[in-house]
Amino acid sequence: MEWKDTLNLPKTAFPMKGNLPNREPEILKKWQEINLYSRLREERKGRDKYILHDGPPYANGHIHLGHALNKILKDILVKYASMTGKDAPFVPGWDCHGLPIEQQVEKQLKSQKIKKEEIPKAQFRKMCREYASKFVEIQKEEFIRLGIIGNWEKPYLTMRPSYQAQEIRELGKIFNSGIAYRGKKPVYWCIYDRTAEAEAEVEYAEKKDPSIYVAFELVEPPEGIKEKTYAVIWTTTPWTLPANLGIMVGPDYDYVFYKSGDRVYIIAQELLESFREKTGIEGQVVKTVKGRELEFLEYRHPFIDRISKIYLSEFVELGTGTGLVHMAPGHGQEDYIIGQRYGVEPFAPVDDSGRFTDEAPEFIQGLRVFDANQPIIEKLQETGALLYHETIKHSYPHCWRCKNPVIFRATPQWFISMDAILENGNTLRGEAIREIERVKWIPEWGENRIKSMVENRPDWCISRQRSWGVPIAVFYCKKCGETISDMEVFEHVASLVENDPYGADIWFEKSPKELLPEGFRCPKCGSDEFDKEEDILDVWFDSGVSHAAVLKGNFWEELRWPADMYLEGSDQHRGWFQSSLLEGVASYGRAPYDSVLTHGFILDEKGRKMSKSLGNVIAPEKVIKQYGADILRLWVVSEDYTEDIKIGMNLLKGIADDYRKIRNTFRYFLGNLYDFNPETDSVPYDQMLEIDRWMLSRLQRVIDLSHASYSNHRFHRIYHEIKRFMIVDLSAIYLDILKDRLYVYAPDSVERRSAQTVLYNLLTSLAKMLAPILSFTMEEIWGYVREINTNVRESIHLEEMPVLNQDVVNPELEKIYQQLLRIRDDVLKALEEARKEDIIRHPYEARVILNLPDEYRKLVEERIDWIKFFFTVSQVELSDKPEGRVVIEGENVKGSVVAVDRARGEKCPRCWIYDESVGRDGQRVCDRCASQLEKMKIDINQIEEVQ
């Protein structure tokens, strides 16, 4: 036997290396085998529910880091809620309809030289369904690999027949509340995808456009003016001029009549100087009037035989241009509003693909709108109406899918009115704003963001001119044109959809007669001949009704309505949060959520947006293959995710280093608990050593802060606090001090068992606190905890969180240790100095002599019998005049002096501490080791010295 064989050295099979890419799939297999999600539902049955409703990602392509960030955040919240004893189910979902899927299927057809129009709609929809199903399965596996626990057996899909049926019922409720209407008004229109677009589907990007000043000649000059008079407009969309039906002016602005040669131009007074600079037209002001005095003046169109009028508008601004705005109600939202006020109907001589129809002047017929700009400018030049022309770069709306510029175009569409009156006498807009004020928005700025969007948004255009989606299930009487939108009809169609294996396909396959209730006749004229609507619903309506189709339905008995939380990227203020809010308020009188949490976007290490063109995109799969999913999960909480969050391989390397330190701390716990049974070996609090009671108190602070941070969704605070606690308080201080006691004292001594009691508390508490974040690693650790304590649950995710134990919180003791640690920091500095000067190589070779102010001196005196272990040296003395080979003044404790000298006595071969009892009367070890060996019934003479 050697001396080391008499020590309680750590023993654990828990590996130092995480090897997460290989180990995590084994843990996933275990969760599958024990059916973890169902077990949680069983065990939490009857408890308070916590419902986080999953915003459906698009079933189109592999997941990216944005998806990973989003799903991991949701998983952390759900796991935390579950571990606080709540019933926290999670039903993941997918958005399966819409244009991106159609485009992919069209590509497939193109490769086979088939046009979409050449195959039946049902066949095309079948191909779309198969494409979406394929990516649902792919993404499902990718999300599971991230460690997301949820009902993967029964996710929700917007293309499932029961979902589509509920969507049709929700549409029925909207129609029956009287807020749906069909109208011809301008909406965003993608001329490349040939469909209307929602506001949420439009993004702004730079675009080059012509900027022109155009003179429209008044039919008659106003009173007091003899010369020909022109209203001057400025526009960056010359192609909209064929649809010009008016000019708008601000009623309270001052407008000048500016005479130049034989012409008089009308310009806003405030913009005259910039007009003069731009055009170089010199002249003088001959008259000034208020905008309202210009109302109803008539003018001639510069190249179309058409007379129109000047109208008053609150939308005119004096930032740029001339203060007179060309009005095309068929191509602009505000133009449309003013047109409606004055009885001017929208006119848009442009077809679905953005080409001018035969309603437009001959010279541009058949041209795409943007291609018509140049011929129109040339025509204006020819007629003498063009005053100035240049090219500018400006922010312009683009289609989020095809990235091409969109136009505003008036077409017959279905709308949900924001300002129609609901049953309670308020408008949908007013009710939605009231709900926004009730809901808790995290971060708080989210409230103002969505509020201003809802305050200013136009009516919601819910129709799309595509094939792959849920139909707008209304019929039109062939005889009298009546729209059939009775609830009974919606219910009948919903029932047909629900019971058909292909759901809404039935709408496109059957005739109106087969779709309507038997014997149905027009309530207005009695006819039984009908047409059906061919447009489908906006995908934002699809996902916006998910709260009703998923939370209210009985398909998932574990759920309830409304949700506690919606959590998505901040772009969803104008997307899913808004469509869900409007649909919820319209159908049920409230938002379908009580709180909304948003996260930022992902940037590379240099703070740039991730894009394929920059080559800075990192696939989650790459991170998982190299580091494992837990490193990705740790990255999610490493920064404040409510702002944009950076990622890169260098950042991940730093996170992997932090992970290694955390893992090693857990390895220390496990290694020193191999012979500890918490049931029989735990030391009661009042019998514990003081330093152990201090650490228990510190642990309570960490538990308390973790709960507060989880509850406030401040996950980065948990990460940084636990990391600091483990690396600083534990590894650098407590665990370092503890080694001697754990290794040297008899296995069942109170000194060792007291330390082990705290280690067990630290192990189980920290593992549980970190389980929602490092889900795989804490599950792996829990397997080893089960060897120490067979009474713990099969999975850490079935456990409940530790709670603050007020009985062991000791502020007085924490204050004492704060002071002792200040002394320790000064001692460590002096030891480092002694090491540099080659006086010592190991702290055990040192004797420390301290001169301390009274308050500190008293603390050390009271603990003089064991304070050397706190400083990890062999001897500590107090003196008014400390002498040694190194003497420094304390930095942390003002007025203190620390001296270091060589320790007295010989080195104990067992514990390595220098002590004068070693060698006395032939004793081979120090007194402490001799008494411990005696307790362990080890014959000192049987031990061999190793040279």
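Below, each value reflects all heavy atoms present in this structure, side chains not excepted, and no hydrogens, waters or symmetry copies.
Taking the six-membered ring where the residue is Trp, Y80 and Y710 present parallel rings, their angle staying beneath 30° rather than reaching 60°. Taking the six-membered ring where tryptophan is involved, the planes of Y131 and F135 are tilted, since the angle between them lies from 30° to 60°.
A donor-acceptor pair shorter than 3.5 Å can be found between the side chains of K79 and S775. Between the side chains of E558 and N151, a donor-acceptor pair is found at a separation under 3.5 Å. Side-chain atoms of R160 and Y156 form no donor-acceptor pair, as typed in the model, at a separation below 3.5 Å. A donor atom on one side chain and an acceptor atom on the other are not found under 3.5 Å apart for H398 and N404. Side-chain contact annotation: E142 with H62, donor-acceptor N/O pair under 3.5 Å present. Inspection of the Q756 and N672 side chains reveals no N or O donor paired with an N or O acceptor under 3.5 Å. Defined by atom type and a distance below 3.5 Å, a donor-acceptor pair is present between the side-chain atoms of E779 and W31. Looking at D658 and Y719, their side chains do bring a donor and an acceptor atom within 3.5 Å of each other. Judged purely by distance below 3.5 Å, without hydrogens or angles, the side chains of Q139 and W94 pair a donor atom with an acceptor atom.
The two atoms that bring H97 and T158 nearest to each other are CE1-O, 3.1 Å, heavy atoms only.
Environment of NZ in K403: crowded, with over 12 heavy atoms of neighbouring residues, nucleotides or ligands closer than 6.0 Å. For Q32, the CD atom sits in a loose shell: 12 or fewer heavy atoms of surrounding residues, nucleotides or ligands are nearer than 6.0 Å. Annotation: K829, atom NZ; neighbour count of heavy atoms from other residues, nucleotides and ligands within 6.0 Å is above 12. Other residues, nucleotides and ligands contribute more than 12 heavy atoms inside 6.0 Å of the CD atom of E206.
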Discussion item. As a quick check of understanding, evaluate ring-ring contact (aromatic ring centres under 6.0 Å, His included) for Y566 and H53, giving each step before the final call.
Written reply: CA-CA 6 Å; Y566 273 29; H53 180 42; 5.4 Å; yes
